[in-house]
Q: 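First the structure, then my questions, so here it is.
Nothing here was measured: the structure is a model prediction, and the numbers come from that model.
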Amino acid sequence: MPAFSKGVSSSAENPNHFSARHAGQAWSSHEGAAALAAPASTEKRRAFDWRLLLGFLLPIGVALLWEAAVRLGLAQGRLVPPPSRIVATLWGLAQTGELWTHAWMTLWRVLVGFVIGAVAGIVLGALSGSSKTIRHLLDPTLQALRAIPSIAWVPLFILWLGIFEASKVALIAVGVFFPVYLGIAGAILSVDRKLVEVGHVFRLSRVQLARRILLPAVLPEAVIALRSGLGLGFMFVVAAEFMGASEGLGYLLVDGQQMGKPDQILAAIIAFALLGKIADSLLVAGTKPLVRWQDTVRERL
């Protein structure tokens, strides 16, 4: 009993002793939690690096198998050249500077068309998703235009804009516009009604509601819509460069077809794939800070 009273009295006389002791315990528990979390984060980074390297396994494996089949005489390799010939063709085009000229021209067309189509898709998608009247006015016509094949626009754009860059950029912008428009409008329409009601409870204005509730809810789907639009931009640039282009990877495709060079055709296709992947990765990296707040079970593709 005296010992208990002594301990109580010592705590009462020195209250800092009690707070410091518990603060030390809290600090040690915080350190323990950090120590437990550190291996998990390290393991996650290692798993990400492994998956990144794993992505090269399929194309390299297919290339090696086809190279072996041609060298062993199991395939002729005339219409589908072995990877060694394709790499040699790419290297030759790079040494002469043709590859960089054609790749830059294609990239410039995609970039300009992507910006125009994405801006138009975001604006009209936001209007259509936020207003029922505008949606009933615009959406039926835009859905009908979306069903038109890309090649069908070519003669019309050539007639209107000529055979030079304006018609090519316009065709790419059309390809980018529709997935962005659909993605933005659909994302706004799929916002949880309870979130909007919470904004009304807090008496947020329309601008505050859009900035603090709608915009964060729409951003993840908007990024996916932009990635889809960028992918279609690279698909439409091929059709655009068929319209009398003298530069661009699409021109390399046509030239390889006319000259009977399957290695040049496949080299241009591989260059398209690499450019598209790099552009998509840059878009994902650029928009990643906008969706960093997400707490999802798995990462998006």
Side-chain angles (χ1 to χ4, degrees), residues 109-163 165-200 204-243 276 279-280 283 287 290-291 300-301:
R109 288 166 180 151
V110 172
L111 179 62
V112 176
F114 175 75
V115 171
I116 296 173
V119 170
I122 289 172
V123 172
L124 293 182
L127 291 174
S128 180
S130 58
S131 173
K132 186 178 291 187
T133 302
I134 296 177
R135 183 163 63 254
H136 288 313
L137 176 66
L138 294 179
D139 195 65
T141 302
L142 292 178
Q143 295 296 340
L145 292 175
R146 186 171 66 92
I148 298 175
S150 61
I151 301 299
W153 293 102
V154 171
L156 190 61
F157 284 161
I158 291 177
L159 183 64
W160 285 351
L161 304 173
I163 202 171
E165 296 302 318
S167 58
K168 298 175 178 59
V169 171
L171 183 62
I172 298 167
V174 168
V176 173
F177 168 79
F178 289 108
V180 175
Y181 165 79
L182 286 176
I184 298 297
I188 294 175
L189 292 173
S190 62
V191 173
D192 193 348
R193 180 174 52 86
K194 298 183 181 63
L195 294 177
V196 179
E197 291 177 353
V198 168
H200 291 157
L204 298 179
S205 64
R206 293 181 66 89
V207 176
Q208 291 175 328
L209 188 69
R211 182 174 61 87
R212 302 181 63 178
I213 293 180
L214 293 181
L215 185 60
V218 165
L219 275 176
E221 302 302 325
V223 172
I224 295 177
L226 289 174
R227 293 180 66 186
S228 300
L230 181 62
L232 276 181
F234 275 97
M235 294 173 64
F236 271 61
V237 75
V238 178
E241 290 177 344
F242 284 172
M243 299 190 307
D280 181 72
L283 180 61
T287 56
L290 300 177
V291 293
R300 292 180 179 269
L301 295 175

Q: Has the side chain of T287 got a donor or acceptor atom that lies under 3.5 Å from a matching backbone atom of L283?
A: yes
Q: Measure the spacing between CG of L138 and OG1 of T133 and express it to the nearest 0.5 Å.
A: 11.0 Å
Q: Determine whether a donor-acceptor pair (N or O, by modelled atom type, separation under 3.5 Å) exists between the side chain of S190 and the backbone of A187.
A: yes
Q: Quick one: closest heavy-atom pair of S167 and F157, and the distance?
A: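 Result for this residue pair: CB-O, 3.7 Å.
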Q: Is any side-chain heavy atom of L145 closer than 4.5 Å to a side-chain heavy atom of F178?
A: yes
Q: Quick check for you: to the nearest 0.5 Å, what is the distance between L189 atom CG and S128 atom OG?
A: 7.0 Å
Q: Report yes if some heavy atom in the side chain of V180 is under 4.5 Å from a heavy atom in the side chain of L226; otherwise report no.
A: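 They are in contact (side-chain heavy atoms under 4.5 Å apart), so the answer is yes.
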Q: Quick one: closest heavy-atom pair of I184 and A222, and the distance?
A: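 Nearest heavy atoms, I184 then A222: CD1-CB, 3.5 Å.
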Q: For F234 and A279, work out which heavy atoms get closest and say how close.
A: CE1-CB, 3.8 Å
Q: Quick one: pull up CH2 in W153 and CH2 in W160 and give me the separation to the nearest 0.5 Å.
A: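 With rounding to 0.5 Å, CH2 (W153) is 7.0 Å from CH2 (W160).
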Q: Give, for atom NZ of K194 and atom CD1 of I213, the distance between the pair rounded to the nearest 0.5 Å.
A: 13.5 Å
Q: Residues two or more places apart in sequence or in another chain: which of them pass ring-ring contact (aromatic ring centres under 6.0 Å, His included) with F177?
A: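 If we apply the ring-ring contact (aromatic ring centres under 6.0 Å, His included) test to F177, skipping adjacent residues, the hits are Y181.
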Q: Mind jotting down which residue pairs meet the salt bridge (charged side-chain N to carboxylate O under 4.0 Å, His left out) criterion with at least one end in residues 109-136? Sequence neighbours excluded, please.
A: R109-E165, R109-E241
Q: So which heavy atom on A225 is nearest to which on P179, and how close?
A: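 Smallest heavy-atom distance, with atoms named: CB-O, 3.8 Å.
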Q: Looking at CG of L127 and CD1 of I122, how far apart are the two atoms once the value is rounded to the nearest 0.5 Å?
A: 12.0 Å
Q: To the nearest 0.5 Å, how far apart are CG in L156 and CG in L161?
A: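 L156 CG to L161 CG: 8.5 Å, rounded to 0.5 Å.
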Q: Please check: side-chain N/O of K168 versus main-chain N/O of A239, any donor-acceptor pairing under 3.5 Å?
A: no
Q: For I151 and P155, work out which heavy atoms get closest and say how close.
A: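 Shortest heavy-atom separation between I151 and P155 comes out as O-CD, 3.5 Å.
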Q: I'd like to check V154 versus F242 (side-chain heavy atoms, cut-off strictly below 4.5 Å). Are they in contact?
A: no
Q: Any non-hydrogen side-chain atom of L182 less than 4.5 Å from a side-chain atom of L142?
A: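 SC-SC contact between L182 and L142 ruled out.
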Q: Using every non-hydrogen atom in the two residues, find where G113 and I172 come nearest and quote the distance to one decimal.
A: CA-CG2, 3.9 Å
